[in-house]
Amino acid sequence: MAEKKKAGRPGRKPPPGGPKRQMLTSIDPEIIRRIKAAAALKDTTASAVMEQAAAEWLDRHQDGKK
């Protein structure tokens, strides 16, 4: 008897660093292209680049602190 597969998208690994949630936003297409290209050069993902950028922005703006 075949084993049941776990629910979820095939071929996708859970993100590193624990559970994550999606956030939909609109960004200029040229900025998106540059982020993806820079991420590829650094052997990382656009999501990781954006998360790091957001964390650094929040560090500079105290109103975003926990």
side-chain contact (heavy atoms from CB on, under 4.5 Å) involving A39 - partner list, sequence neighbours excluded: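 Listed in chain order: T44, V49.
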By the rule that ILVMFWY residues connect when side-chain heavy atoms come within less than 4.5 angstrom, directly or transitively, which residues belong alongside L41?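 Joined to L41, directly or through intermediates: none.
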Is M23 isolated, or which residues cluster with it under the ILVMFWY side-chain rule of less than 4.5 Å, directly or via members?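 Members besides M23: none; it forms no cluster.
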Taking side chain to side chain donor-acceptor pair (under 3.5 Å) as the cut-off, I'd like each qualifying pair that reaches into residues 46-56, sequence neighbours left out, listed once.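 The answer is K20-E51, Q52-E56.
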Taking only residues at least two apart or on different chains, which pairs with a member in residues 24-36 satisfy side chain to side chain donor-acceptor pair (under 3.5 Å)?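 Listed by first then second residue: E30-R33.
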Please, which pairs that meet salt bridge (charged side-chain N to carboxylate O under 4.0 Å, His left out) have at least one residue in residues 37-46, sequence neighbours excluded?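 For residues 37-46, and leaving out neighbouring residues, there are no salt bridge (charged side-chain N to carboxylate O under 4.0 Å, His left out) pairs at all.
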